[in-house]
Participant: 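Here it is, the structure in full.
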Amino acid sequence: MSDHTSVSAGQRRAQRYLPLQILLGFLVIYFLVPFWWVIVNSSKDAPGLFGGGNTLWFADQIDYLGNLKQLFTYDGGIYLRWILNSTLYALAGGIGATVLAVMAGYGFAKYRFAARRFSFAVVLGALMVPATALVIPTFIMFAQLGLTNTVWAVILPSLLNPFGVYLMHVYARDAVPDEILDAARADGAGELRTFVQIALPLMRPAVVTVLLLSAVASWNNYFLPLAMLSDNRLFPVTVGLGLWQGVASANNAGGTSLWSLIILGSLVSVIPLIIAFFSLQRHWRGGLSVGGLR
């Protein structure tokens with residue numbers, strides 16, 4: 001009787017979740033189809049792209065290696081420089097923004113100081129301002145400082161991450177018990193040692209989250225470097241591919257089909273993000289224990 005009851009309960013549970021499973025299935029297809037399109041069309045040359053074949057399947061001639069060789073040798077290998085530029089901007093901006101967000105969020109959560117509420121309200125207000133709305137004022141300020149068309153014009157604005165500060169504040173408030181901090185201080189540990197050895201390990205999942213979000217935002221940043229940079233040797237890969245797209249639309253690429261390079265370049269540019277996500281996700285699973293009082 002109990003087995004029959006458990007089976008019936010399991011069937012009812014499965015029927016209750018069926019609409020959600022169907023919705024998730026549609027969402028998976030919705031997000032995977034564009035990625036599949038990029039994978040398929042990265043293998044095609046110009047006749048394969050514009051020959052009227054099936055855009056969601058491979059052409060008769062698959063030439064990933066030839067397209068990759070052309071991608072990394074076109075225009076003196078400028079694409080590899082764009083990838084290296086994006087790596088520099090993502091690492092510097094991601095790590096710097098994470099360090100500042102961790103310290104600021106921890107400070108807002110665990111310390112009491114004058115104008116604390118007002119300062120945190122300013123951070124929350126900054127969340128509501130679109131990043132693109134700040135590009136022109138930032139450009140004017142950096143132009144007056146003589147920093148436009150330099151790597152600092154892209155890195156320095158990327159260090160400010162109000163969402164990261166808010167996330168670290170919320171996480172540190174709940175994940176780092178005040179009793180542990182008081183015990184460490186009672187044992188003679190200074191504030192820096194308490195933060196590094198006690199608080200920081202407990203905040204590891206949030207730190208990795210902010211790091212990944214900041215690095216991805218810096219890697220995908222388009223409008224800021226487009227406004228700040230004029231030297232194509234300093235472009236990140238997003239702006240560089242946009243430059244190629246403009247050239248291809250104007251049909252000024254000579255005998256080279258830039259559309260094949262643009263599609264393959266887009267595929268190559270997302271591979272580092274995929275690697276970063278899968279290499280960092282274990283830290284989410286490994287550090288989600290919020291309570292650790294002994």
Side-chain angles (χ1 to χ4, degrees), residues 81-111 119-120 122-127 129-135 137-172 175-176 191-192 195-197 199-229 231 233-239 269 272-273 275-277 279-281 283-284 287:
R81 187 179 182 90
W82 291 341
I83 288 289
L84 295 177
N85 291 339
S86 290
T87 303
L88 171 64
Y89 300 148
L91 289 178
I95 295 175
T98 302
V99 171
L100 294 178
V102 169
M103 293 191 298
Y106 177 79
F108 279 124
K110 296 302 175 181
Y111 292 100
S119 301
F120 191 66
V122 172
V123 173
L124 293 180
L127 286 173
V129 180
T132 53
L134 301 176
V135 170
T138 304
F139 174 81
I140 295 174
M141 181 178 66
F142 275 68
Q144 293 175 348
L145 296 174
L147 293 177
T148 55
N149 202 33
T150 65
V151 296
W152 300 110
V154 180
I155 294 175
L156 292 180
S158 302
L159 300 180
L160 302 179
N161 187 354
F163 176 76
V165 175
Y166 172 75
L167 179 62
M168 292 307 308
H169 164 74
V170 173
Y171 197 89
V176 184
E191 293 298 328
L192 180 60
F195 171 72
V196 173
Q197 295 186 356
L200 198 58
L202 293 175
M203 296 190 297
R204 184 178 62 180
V207 172
V208 174
T209 301
V210 173
L211 174 62
L212 185 59
L213 293 178
S214 301
V216 169
S218 298
W219 184 278
N220 292 331
N221 199 356
Y222 176 79
F223 193 38
L224 177 67
L226 179 66
M228 291 291 186
L229 304 176
D231 186 356
R233 294 175 298 176
L234 298 177
F235 284 173
V237 66
T238 51
V239 179
S269 68
L273 301 182
I275 295 174
F277 175 81
S279 61
L280 293 176
Q281 67 172 348
H283 294 283
W284 282 303

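Predicted model, so just to flag it, every value in this text is computed and none were measured.
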Participant: Is there a donor-acceptor pair closer than 3.5 Å between any side-chain N or O of Asn161 and the backbone N or O of Gly164?
Facilitator: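 A pair under 3.5 Å: yes.
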Participant: Of all heavy-atom pairs between Arg81 and Arg233, which one has the smallest distance, and what is that distance?
Facilitator: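 The pair with the smallest heavy-atom distance is NE-O, 2.7 Å.
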Participant: Could you report the tightest heavy-atom contact between Thr98 and Leu211, atom names first, then the distance?
Facilitator: OG1-CA, 3.1 Å
Participant: Are the side chains of Met168 and Val210 in contact, using a 4.5 Å heavy-atom criterion?
Facilitator: yes
Participant: Flag the pair Pro236 / Trp219 as yes when at least one side-chain heavy-atom distance between them is below 4.5 Å, and no otherwise.
Facilitator: no
Participant: More than 12 non-hydrogen atoms from neighbouring residues, nucleotides or ligands closer than 6.0 Å to OH on Tyr166, yes or no?
Facilitator: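 At most 12 heavy atoms, drawn from other residues, nucleotides or ligands, come within 6.0 Å of this atom.
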Participant: Atom CH2 of Trp152 and atom CG of Leu147: how far apart are they, to the nearest 0.5 Å?
Facilitator: 9.5 Å
Participant: When rounded to the nearest 0.5 angstrom, what distance separates OH in Tyr89 from CG in Leu84?
Facilitator: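 Here the interatomic distance stands at 11.0 Å.
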Participant: Should Leu273 and Asn220 count as side-chain neighbours, where that means a heavy-atom distance under 4.5 Å?
Facilitator: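 Yes, at least one pair of side-chain atoms sits under 4.5 Å.
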Participant: Write down the atom of Ala172, the atom of Lys110, and the distance for their closest heavy-atom approach.
Facilitator: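 Answer, listing the atom of Ala172 first, then Lys110: O-CE, 3.2 Å.
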Participant: Please name the residue in the list Val239, Thr132, Val237 that meets the side chain to side chain contact (heavy atoms under 4.5 Å, CB included) test with Tyr222.
Facilitator: Val239
Participant: For the atom pair CZ (Phe108) and OG (Ser119), what is the distance rounded to the nearest 0.5 Å?
Facilitator: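 The CZ atom of Phe108 sits 5.0 Å away from the OG atom of Ser119.
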Participant: Which heavy atom in Asn149 sits nearest to a heavy atom in Leu234, and how many Å separate them?
Facilitator: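 Minimum heavy-atom separation between Asn149 and Leu234: O-CD1, 3.3 Å.
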Participant: Would you call Tyr106 and Phe195 a side-chain contact if the rule is heavy atoms closer than 4.5 Å?
Facilitator: yes
Participant: Is there a donor-acceptor pair under 3.5 Å between the side chain of Ser218 and the backbone N or O of Ala215?
Facilitator: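 Here the side-chain-to-backbone pair does not exist.
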Participant: Compare every heavy atom of Val135 with every heavy atom of Ala227, then report the nearest pair and how far apart it is.
Facilitator: CB-CG1, 3.6 Å
Participant: CG/Leu226 to CZ/Phe235 distance, rounded to the nearest 0.5 angstrom?
Facilitator: 7.0 Å
Participant: Rounded to the nearest 0.5 Å, how far apart are CE of Met141 and CG of Leu156?
Facilitator: 8.5 Å
Participant: Can you find a pair of side-chain heavy atoms, one from Glu191 and one from Tyr111, that are under 4.5 Å apart?
Facilitator: yes
Participant: For residues Leu212 and Ala276, report the shortest heavy-atom separation together with the two atoms involved.
Facilitator: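 That closest heavy-atom pairing would be CD1-CB, 4.2 Å.
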Participant: What's the separation between atom OG in Ser214 and atom CG in Leu91, rounded to the nearest 0.5 Å?
Facilitator: 12.0 Å
Participant: Do any N or O atoms from the side chain of Thr238 and from the backbone of Asn221 form a donor-acceptor pair under 3.5 angstrom?
Facilitator: yes
